[in-house]
2 protein chains.
Amino acid sequence: MDVIELLWGEPAGPRRGPRPTLTVGDLARAGIELADAEGLAAVTMQRVAEALGVTKMATYRYVPGKDELVALMVDTALGAPPPLDDLDGWRPKLRAWSLAMNERMQAHPWSVRATAGPRVTGPNELTWAEVALAAVDGLALDGGQKMDVIVALTSQVRSLVEQTADNSEERISATWMTILDGRGERFPHVVAALASSARHSSRDQGLTFGLDRILDGVELYLSRQ
Amino acid sequence: MDVIELLWGEPAGPRRGPRPTLTVGDLARAGIELADAEGLAAVTMQRVAEALGVTKMATYRYVPGKDELVALMVDTALGAPPPLDDLDGWRPKLRAWSLAMNERMQAHPWSVRATAGPRVTGPNELTWAEVALAAVDGLALDGGQKMDVIVALTSQVRSLVEQTADNSEERISATWMTILDGRGERFPHVVAALASSARHSSRDQGLTFGLDRILDGVELYLSRQ
DNA sequence: AGACACAGTGTACGATAGACACAGTTCGAC
DNA sequence: GTCGAACTGTGTCTATCGTACACTGTGTCT
């Protein structure tokens, strides 16, 4: 069994032998709880098994290995996308879609880090793509460009979530202050930018600013076609 | 010694005792070579030490731990940003900056994955920020917005690099085909988008499309101020 | 000259992912 | 109804990895 089969396979039919005490969903949920509470590093086969009251090796009856478990956790944590039918127009739809994705990922910040590197797209993730592509249906873009728009929005969300995952904003600022202390003359523009943004510029403002610039850019592109 | 000191500290002055046979730079370079050749997973203290002809534990005389070594590798691999002085105007500068960053990261795809999660900004990384912020100097944006623009561009580059890091484009397509095979009716828009983009839409086109949309969006925003 | 600080080594430990053999359990075929 | 095959969870074992610690040798400062 590989990742594709695990994520996409049919739920197993009636089989011989003792009934499994668990389901793959149980594993995913246990892993997600652990990751939410203590971070991705706390997710070990041992601890997932403990949480479910079985031995470490029993988990290998459900998933081929840890990587596959994490892939499952990611897709489960993402969940199904919200419906966008009640919104009118591609732009409000894409904006709501991006903000919804932000909320989901913010709830499970570890999922961004877990999806670094090559991986297989899960059913939920592909459904998110499907919904977004439906929103841009009919626009004067070819398929590649439509996907590029989705990728741009996703990148923005992922980056912002990652940036403030475990680091609180104050911690980041504090680190930068430490670094810039005594070295400010080498980075005058950084110092100036930090100074003139101290008041406002929360994380959410950064996200919406970026998203709105991208959407503006797409709108402009469409109007020029 | 912590990460900040390692990345930002002065090169050690004259000290007592035997001369170190290595430098932190040697460690970083050895790690980078390993990661370039065999991926980030191949970077173990053992193998870095082997490559340098010392024992595993000797490396701990130079770096406090593996995380710090990786942070050092990332900043070293990124290198100093190119000068943008010969370019005129914020837009060509930011575009060149983004493409330069893309090239650097593409040369060391593992660095994107290595920078997932909370980490300390290194000197080279901060210099990239400084150069980009200098490019948007004088624009009608506050410091936070300037940083938001940089973040948006960086996100775009990082995402695209990550997407095609170890996966070749063909491999990605093949995986999607496998998944969509027999499940296409559940994802009609995904199928349609893939079909109408089969011909063109290389990775680089995706990158420049996204970058140009963001820059368009910023330009529009400025013109509306 | 001698003390001290520091470099590299060797050994050891705990955590981790995972292989494998085994005992008990349930279903299907006869 | 019985028996065998398939399957589940367990226990044991191994390889790998990061890192702590004690030790030996070396070069510099007093």
Side-chain angles (χ1 to χ4, degrees), chain A residues 1-3 5-6 9-28 30-31 34-35 38-73 110 113-114 117 119, chain B residues 1-3 5-6 9-28 30-31 34-35 38-73 110 113-114 117 119:
Chain A
M1 177 170 62
D2 64 344
V3 208
E5 198 180 330
L6 178 68
E10 304 293 317
R15 286 174 301 184
R16 242 182 261 196
R19 305 238 165 61
T21 45
L22 307 171
T23 65
V24 279
D26 291 334
L27 288 222
L34 259 172
E38 303 179 46
L40 198 55
V43 179
T44 67
M45 299 309 265
Q46 176 70 49
R47 295 204 54 190
V48 170
E50 268 172 26
L52 295 168
V54 293
T55 55
K56 181 180 51 161
M57 289 318 292
T59 62
Y60 287 93
R61 295 285 173 194
Y62 301 91
V63 293
K66 194 192 173 182
D67 291 349
E68 288 80 3
L69 171 59
V70 173
L72 196 66
M73 285 169 54
W110 48 267
R113 216 171 323 163
R119 72 185 198 293
Chain B
M1 177 171 61
D2 64 345
V3 208
E5 197 178 331
L6 177 69
E10 305 293 318
R15 286 176 300 185
R16 240 182 263 196
R19 302 236 169 61
T21 45
L22 307 172
T23 65
V24 278
D26 291 334
L27 287 224
L34 260 172
E38 303 180 46
L40 198 54
V43 180
T44 68
M45 298 309 266
Q46 177 70 50
R47 296 203 56 189
V48 170
E50 266 171 28
L52 296 168
V54 293
T55 54
K56 187 175 49 162
M57 289 316 292
T59 62
Y60 286 93
R61 295 283 173 194
Y62 300 90
V63 292
K66 194 193 172 182
D67 291 349
E68 288 79 4
L69 171 59
V70 173
L72 196 67
M73 285 168 55
W110 49 266
R113 213 172 326 165
R119 70 187 202 290

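Within every chain, numbering begins at 1; the chains are lettered A, B, ... in the order of the sequence lines, protein sequences first and strands thereafter.
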Evaluate the salt bridge (Lys or Arg N to Asp or Glu O under 4.0 Å) criterion for residues A:Glu50 and A:Lys56: first the C-alpha distance (whole Å), next the side-chain angles of each, then the deciding distance (0.1 Å), finally the verdict. CA-CA 7 Å; A:Glu50 268 172 26; A:Lys56 181 180 51 161; over 6 Å; no
Does [N] have a Watson-Crick or wobble partner in any strand here, with both distances under 3.5 angstrom, and which is it?
N: D:dA15; answer: C:dT16
N: D:dT30; answer: C:dA1
N: D:dG25; answer: C:dC6

Assert: residue with more 5' nearest nucleotide on DNA chain D, out of B:Asp67 and A:Thr59, is A:Thr59
Any heavy-atom pair between the side chains of [Y] and [X] that's under 4.5 Å?
X: A:Arg113; Y: B:Arg113; value: no
X: B:Asp67; Y: B:Val3; value: no
X: B:Asp2; Y: B:Pro64; value: no

Atom-pair distance ([atom1] on [X]; [atom2] on [N]), nearest Å:
X: A:Met45; N: C:dT16; atom1: CE; atom2: P; answer: 12 Å
X: A:Arg47; N: C:dA17; atom1: CZ; atom2: C1'; answer: 16 Å
X: A:Tyr60; N: C:dT16; atom1: OH; atom2: P; answer: 11 Å
X: A:Leu34; N: C:dT16; atom1: CG; atom2: C1'; answer: 15 Å
X: B:Leu69; N: D:dC17; atom1: CG; atom2: C1'; answer: 14 Å
X: B:Glu50; N: C:dT9; atom1: CD; atom2: C1'; answer: 15 Å
X: B:Leu52; N: C:dT9; atom1: CG; atom2: C1'; answer: 16 Å
X: A:Asp26; N: D:dT8; atom1: CG; atom2: P; answer: 14 Å

Does B:Met57 reach a base, just sugar-phosphate, or nothing at all? Heavy atoms under 4.0 Å.
base
Among the nucleotides D:dT8, C:dA7, D:dG18, whichever has the atom closest to the side chain of B:Thr44 is D:dG18
Closest to the 5' end of DNA chain C, once B:Gly53 and B:Lys56 are matched to their nearest nucleotides, is B:Gly53
base_contact_polar (C:dG18 base, A:Lys66 side chain, donor-acceptor, <3.5 Å)
no
Looking only at heavy atoms, the pair that brings A:Tyr62 and A:Val24 closest together is O-CG1, 3.4 Å
Rounding to 0.5 Å, atoms OG1 (A:Thr23) and CG (A:Leu52) come to a distance of 9.0 Å
Taken to the nearest 0.5 Å, the spacing of B:Leu27 CG from B:Thr59 OG1 works out to 6.5 Å
**Presence of B:Tyr62 side-chain N/O under 4.0 Å of C:dG8 phosphate oxygens OP1/OP2** = yes
With 3.5 Å as the limit, what N/O pairs link the protein to nucleotides 24-30 of chain D?
from, atom 1, to, atom 2, distance (Å)
D:dT28, OP1, B:Arg19, NH2, 2.3

